[in-house]
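Both backbone and side-chain heavy atoms feed into the values below; hydrogens, waters and symmetry mates do not. We count residues from 1, following the sequence as given.
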Amino acid sequence: MRFHSCLIVVSENILEQGLYTQFICKVSQLGDFPNIDVVLTVEIASAHKVNIVLQHLYEATRNSYGLDVDIQVGFAKWVLKDPHKQWSQIYVADGDNIPHQVQLNNISNVKPVHICLNPSDTNTIEYTNESSANDFNAEQFRVVAVGGTFDHLHDGHKILLGISAFLSRDELIVGVTGEAMLKNKKYKDYLESFIERKEKILRFLDFAYPGLPVAIHEINDVCGPTATVREIEGLVVSEETSSGGEYVNKVRLEKNFPALEVFVVNVLGGSDKTSFSDKLSSTELRRRDYEKATAQI
């Protein structure tokens with residue numbers, strides 16, 4: 001449960017008319033919250049489209065709130081399944097028809113604040129994604145795998161995890177790097193422990209996809225569970241680790257395992273000069289911790 005958090009409800013109308021940037025900017029002017037939850041009431045079938053929408057929402061929200069706010073984005077279809085979620089404040093666009101209003105009323109006693117928007121002040125989303133040659137549908141695979149260090153869990157990680165969960169029907173397997181693969185990391189002394197990283201992953205997935213079975217594996221080689229769990233059908237990778245997908249399939253074929261379908265995620269852009277993507281890398285976040293610690297000496 002996230003106390004002192006606000007919920008921002010995003011409808012299909014807000015998304016398709018390009019009004020989210022204006023919406024989040026106006027909400028951010030009404031007060032500060034340490035935790036921001038963004039929930040979309042629209043259902044999206046395509047992983048490509050989900051990738052682009054998540055990227056847009058995380059970047060716009062981060063640009064309005066800055067670096068020191070924890071942001072989570074999910075879909076009402078899954079997020080509102082959990083009847084125990086609570087928020088200090090809820091924001092909706094004035095005049096919006098919210099398809100999940102009944103669910104929202106059932107889990108929150110907070111009266112929503114309605115935000116008036118100017119329909120001519122838009123920032124439309126361009127639905128082009130060159131990161132992955134393949135596109136897949138929601139819950140297309142019984143078991144999906146994703147791997148990474150997931151240190152100082154940030155927006156890019158959440159996009160990677162969110163799409164992996166979106167594609168999973170029965171189980172999501174998350175490989176989290178162990179000590180053997182962390183020896184050469186910059187600012188290694190400021191890496192979070194395996195337990196801390198695991199807990200943050202599970203907490204985020206419990207928000208975005210409550211009820212989805214999640215298995216966390218410690219990995220100390222490139223393949224991790226993809227080389228031992230035959231039942232895995234899909235693999236989600238970032239652009240910077242996309243070559244790993246080819247290697248994983250090579251190893252699986254050598255073991256007579258079926259090859260995995262691979263989806264490549266465009267994590268966070270960086271083409272926007274106001275983007276916080278560079279400042280939100282795990283290395284940069286560890287560097288900030290290092291500078292805070294040395295400043296106190």
Side-chain angles (χ1 to χ4, degrees), residues 1-11 14-15 17-42 50-76 79 85-94 96 104 108 110 112-118 121-125 150-162 200-201 203-208 266-289 291-292:
M1 187 180 298
R2 283 153 63 97
F3 295 100
H4 308 300
S5 63
C6 83
L7 171 66
I8 298 168
V9 181
V10 182
S11 67
I14 295 294
L15 206 59
Q17 292 191 28
L19 295 171
Y20 182 73
T21 299
Q22 180 194 165
F23 185 23
I24 191 63
C25 183
K26 288 191 172 186
V27 170
S28 69
Q29 294 168 1
L30 297 178
D32 294 327
F33 289 90
N35 306 302
I36 308 294
D37 292 341
V38 181
V39 171
L40 295 102
T41 61
V42 60
V50 169
N51 190 169
I52 294 163
V53 168
L54 291 179
Q55 184 182 28
H56 176 76
L57 296 181
Y58 273 109
E59 288 191 342
T61 308
R62 184 65 61 192
N63 288 339
S64 288
Y65 278 95
L67 289 171
D68 297 321
V69 172
D70 185 42
I71 299 167
Q72 298 184 140
V73 181
F75 290 87
V79 173
K85 287 188 168 70
Q86 293 184 18
W87 293 275
S88 305
Q89 192 57 269
I90 298 174
Y91 296 97
V92 300
D94 195 37
D96 248 355
L104 198 56
S108 178
V110 178
V113 175
H114 293 258
I115 306 296
C116 293
L117 300 177
N118 177 359
D121 183 6
T122 62
N123 179 19
T124 54
I125 304 174
F150 298 107
D151 179 52
H152 288 69
L153 194 74
H154 56 66
D155 300 348
H157 293 144
K158 292 172 186 176
I159 292 174
L160 194 67
L161 290 167
K200 287 184 178 181
I201 290 167
R203 193 156 54 241
F204 167 70
L205 290 171
D206 185 58
F207 160 78
N266 183 359
V267 179
L268 284 173
S271 57
D272 180 356
K273 293 181 180 178
T274 64
S275 173
F276 283 97
S277 56
D278 292 339
K279 298 175 184 177
L280 278 170
S281 71
S282 295
T283 302
E284 178 61 20
L285 292 172
R286 289 196 300 274
R287 186 192 66 77
R288 292 178 69 202
D289 285 350
E291 290 189 349
K292 288 178 185 176

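Between atom CG of residue D155 and atom CD of residue Q72 there is a gap of 10.5 Å, rounded to the nearest 0.5 Å. Atom CD1 of I159 and atom CD of E59 lie 7.0 Å apart (nearest 0.5 Å). Considering CD1 of I36 and CD of Q89, their distance stands at 11.0 Å, rounded to 0.5 Å. For the atom pair NZ (K85) and CG (D206), the distance works out to 6.0 Å, reported to the nearest 0.5 Å. Between the CD1 atom of I115 and the CG atom of L19 there is a distance of 13.0 Å, given to the nearest 0.5 Å. Taken from CG in L161 to CZ in F204, the straight-line distance is 6.0 Å, to the nearest 0.5 Å.
Applying the side-chain contact (heavy atoms from CB on, under 4.5 Å) test to A60 and every residue at least two apart in sequence or in another chain returns Y20, T21, I24. Residues meeting the ring pair (Phe, Tyr, Trp, His ring centres under 6.0 Å) test with F150, sequence neighbours left out: H157. Partners of D94 under the side-chain contact (heavy atoms from CB on, under 4.5 Å) rule, at least two apart in sequence or in another chain, are H114, C116.
For Y58 (side chain) and V73 (main-chain N/O), a donor-acceptor pair under 3.5 Å exists by modelled atom type. For Q22 (side chain) and N118 (main-chain N/O), a donor-acceptor pair under 3.5 Å exists by modelled atom type. Under the 3.5 Å distance criterion, the side-chain polar atoms of S64 are left unmatched by any main-chain donor or acceptor of T61.
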- Task: Would you please test W87 and S5 for side-chain contact (heavy atoms from CB on, under 4.5 Å) and show each step?
- Result: CA-CA 5 Å; W87 293 275; S5 63; 3.3 Å; yes
- Message: Under the criterion side-chain contact (heavy atoms from CB on, under 4.5 Å), I'd like the reasoning laid out for H56 against N123: C-alpha separation, chi angles, the key distance, then a yes or no.
- Response: CA-CA 10 Å; H56 176 76; N123 179 19; 3.9 Å; yes
- Let me see the working for D121 and L117 under side-chain contact (heavy atoms from CB on, under 4.5 Å), right down to the final yes or no. CA-CA 8 Å; D121 183 6; L117 300 177; over 6 Å; no
- Item | Worked verdict on V69 versus N35 for side-chain contact (heavy atoms from CB on, under 4.5 Å) | CA-CA 6 Å; V69 172; N35 306 302; over 6 Å; no
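Here the closest non-hydrogen pair linking Y65 and S28 is OH-CA, 3.3 Å. Minimum interatomic distance between A93 and F23 (heavy atoms only, all atoms of both residues): N-CZ, 3.7 Å. When all heavy atoms of S88 and F33 are compared, the pair lying nearest together is CB-CE2, 4.0 Å.
With respect to V38, the side-chain contact (heavy atoms from CB on, under 4.5 Å) criterion is satisfied by exactly one of L54, V27, V10, V9: V10. Among V39, D37, V110, I8, the single residue meeting the side-chain contact (heavy atoms from CB on, under 4.5 Å) criterion with I90 is V110. When each of R203, K158, R62 is checked for a salt bridge (Lys or Arg N to Asp or Glu O under 4.0 Å) with D70, only K158 meets the rule. When each of L57, T124, T41 is checked for a side-chain contact (heavy atoms from CB on, under 4.5 Å) with L15, only L57 meets the rule.
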